[in-house]
Amino acid sequence: MYLNEFFLPSYGLGKVVFDSVPSFYTVKKLFLAFSFSMCLNYLSAQESTLIDSLKTELYKLPIDTSRVSILNKIAAAYNKNNSDSLRYYAQKAYDLGSDLQFDRGVAYSLNTLSIYNQTIGDNELALNQLIESSDILQKMGKPEVGIAYYNIARLYRYLDEPSKAIKYLKMAKEHMPERMLGYIDMGIGLAQLDINDYKNALNYIDKALVSANTNNDNTLKGTCYQLKAVAQRKLEVFDSAEINYKKSIKLFENENNKSQLAASLDGLANVYLGQGEKVDKIQAKITESRMLAEEMKDLNALLSSYKTQVKLDSLNKDFTSAFKNQRKILSLKDSIFSIEKDKNLTLTETRFQSRKKEEQIKLLEKQKELQDIKDEQRKRTIWIVSIGLIFISMLSVYLAHIYLQKRQVNKKLLLQKEEITQQNLKINETLKEKELLIGEINHRAKNNLYIVERLLTAQLNEAELSETKTLLRESQKRIQSITLLHNQLISKDMPAAVNMRNYIDELLDNYVSTDKNIEIRSDLDEIIVDSSRAMVLGLIINELVTNSIKHSKTKRTEVKVELKENENSLKLIVKDKNRMDAIHKEKEKKTGTSFFGLELIKGLVKQLKGTIELISDSGVQVQITLPITREIV
């Protein structure tokens, strides 16, 4: 599956390179266009259907490596007719693969992106992407690295750097399947011809010829005979060159490969020139080659034919004809140059339009992102408003229920006055109803406290200012202390009495459970107080512990809480390791949550008719003294 993903984009590049590379011989294009014939079997005849099915599958997948693979397949499917879509989906695959650290997906997307950059003429970037892709595949030990090396070699030869092309072709040969080795050897031989190393070229071409015979590949076989003839002609071994040119001509005629046939005929004419054959024999081959070149509209083959004609005219001392043909050569060169110029202009315009579209896509993505943020904020607002409306509706129903219950009780009391004999029974029934009502009230009070806490949590998530968040957190802690007290009251047989040791321990556990960096130690006497004083003490302890945590300058906060009962008073002590000047600094500001907390503590202490004292001794110690009261309300 992954081999197909890697092969498929090469089709488009092979086609582009085949159409755009000038050459002395048509055979030189074969190596650059090899991927066209090699990958043709992997292409789908119904691309739009394939793309639609891949996109449908994409939206069903989670955001994982399987999505990267589908994105790469979609990009590959666009290789023939939509380079912008190819780039878009390949870039998406690269970005997601990088985020997921999916190296294989990144390597394939880089290969596809290099195809796109070659089509717009950015060969330097394309080369870097191919090298990066091959490095990833090499580290992973994937067999596809051979194809990556082959693509790099192909691009180096396109950039007229045959030595580097040879290096990467030899590396590719170690990883390619057996049936491809003939084409690799042929490519190395062709690159050796480029650097005029004809003997080594012949060695590699002979290896390719063995592979062609083994696989019965007539196209490769004909090309090998042609290349052997080229090398032998350069070495002036004309008899061998003639034999190999004739073999290639026969194979190309059978395959109806007119471009290659024209090149071989022209090469044979040059061999005859070197052998000193008769003029008519040489002219016949030149004429055949030229007719095929004109039929195929192959300007490079036609140019080569006219150059051979000039050689023949010069040999015959027909300088008039040589001059005319030389003018035709100049005209063909101008035509080829004009075509190349037009292609370069087209590539430049394509690159500009591509960059422009890329900026437009980025702008659209940014706008979509902003719209998504607005939609999310709108949903949150609707959610909060809905919760508020539900709360108000529940409160309204609850008040209406209470009102109706009261009316019913009043009616029963009037009836009880009229029937004195049934008074005791009626009173007992009323007490039972009141107990149920109190249970309902306690239940709803508990729910309401929970709803208030959740609303504070929602507002905390929405708040942007740090001061607002701090206020909301402190309010949340105060609500939690009241909730804990309420839970203890409704679970006791004496709802007006509170065991302060149990209550304070549970209150402090809330801090430790929500933050592992907080250590709170307690030393508490088992003291029973009334519920109103217990609530005030809980709020005081909550404020003191919150201040200790907030002013802590170390990563781990340590707080100690003591509650002791003497003969005439209760002593509440909260100790921490903060500096005293931090407390005074907050007091001097007269603003912010810390000042409000200190003032709240003072007000609560005053409500209990107690005193408060701040002591600085290797930290801050707050000591609160309260008068003892034994009355349980």
Between the side chains of [X] and [Y], is a donor N or O closer than 3.5 angstrom to an acceptor N or O?
| X | Y | answer |
| --- | --- | --- |
| Y204 | D206 | no |
| T308 | D266 | yes |
| N117 | E124 | no |
| N325 | D313 | yes |

Minimum heavy-atom distance between [X] and [Y], given as atom pair plus value:
| X | Y | answer |
| --- | --- | --- |
| A208 | C224 | CB-SG, 3.5 Å |
| G222 | S248 | O-CB, 3.4 Å |
| A293 | A262 | N-CB, 4.3 Å |
| K173 | L181 | O-CD2, 3.6 Å |
| Y306 | L332 | CD1-CD1, 3.6 Å |
| I195 | P162 | CG2-CG, 3.5 Å |

*Between K281 and Y272, is NZ or CZ placed under 6.0 angstrom from the six-membered ring centre and within 45° of the ring axis?*
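Yes, K281 and Y272 form such a contact.
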
_Taking the six-membered ring of Y225 as reference, does the cationic atom of K228 (NZ for Lys, CZ for Arg) lie under 6.0 Å from its centre and within 45° of its axis?_
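That pair does not qualify as a cation-pi contact.
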
*Given side-chain hydrogen bond (donor to acceptor under 3.5 Å, both in side chains), test N218 with N254 step by step and report yes or no.*
CA-CA 9 Å; N218 289 333; N254 293 335; over 6 Å; no

_Using a 3.5 Å distance criterion without hydrogens, assess whether the side chain of T381 forms a donor-acceptor pair with backbone atoms of Q377._
yes

*T112 (side chain) donor-acceptor with Y108 (main chain) under 3.5 angstrom*: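 Here the side-chain-to-backbone pair exists.
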
Any salt bridge linking [X] with [Y]? Criterion: basic side-chain nitrogen under 4.0 Å from a carboxylate oxygen.
| X | Y | answer |
| --- | --- | --- |
| E288 | K285 | yes |
| D95 | K92 | no |
| E242 | K246 | yes |

*Hey, could you give me the CD/CG distance between Q226 and N257, rounded to the nearest 0.5 Å?*
8.5 Å

*Is M291 atom CE crowded by more than 12 heavy atoms from other residues, nucleotides or ligands, each under 6.0 Å away?*
no

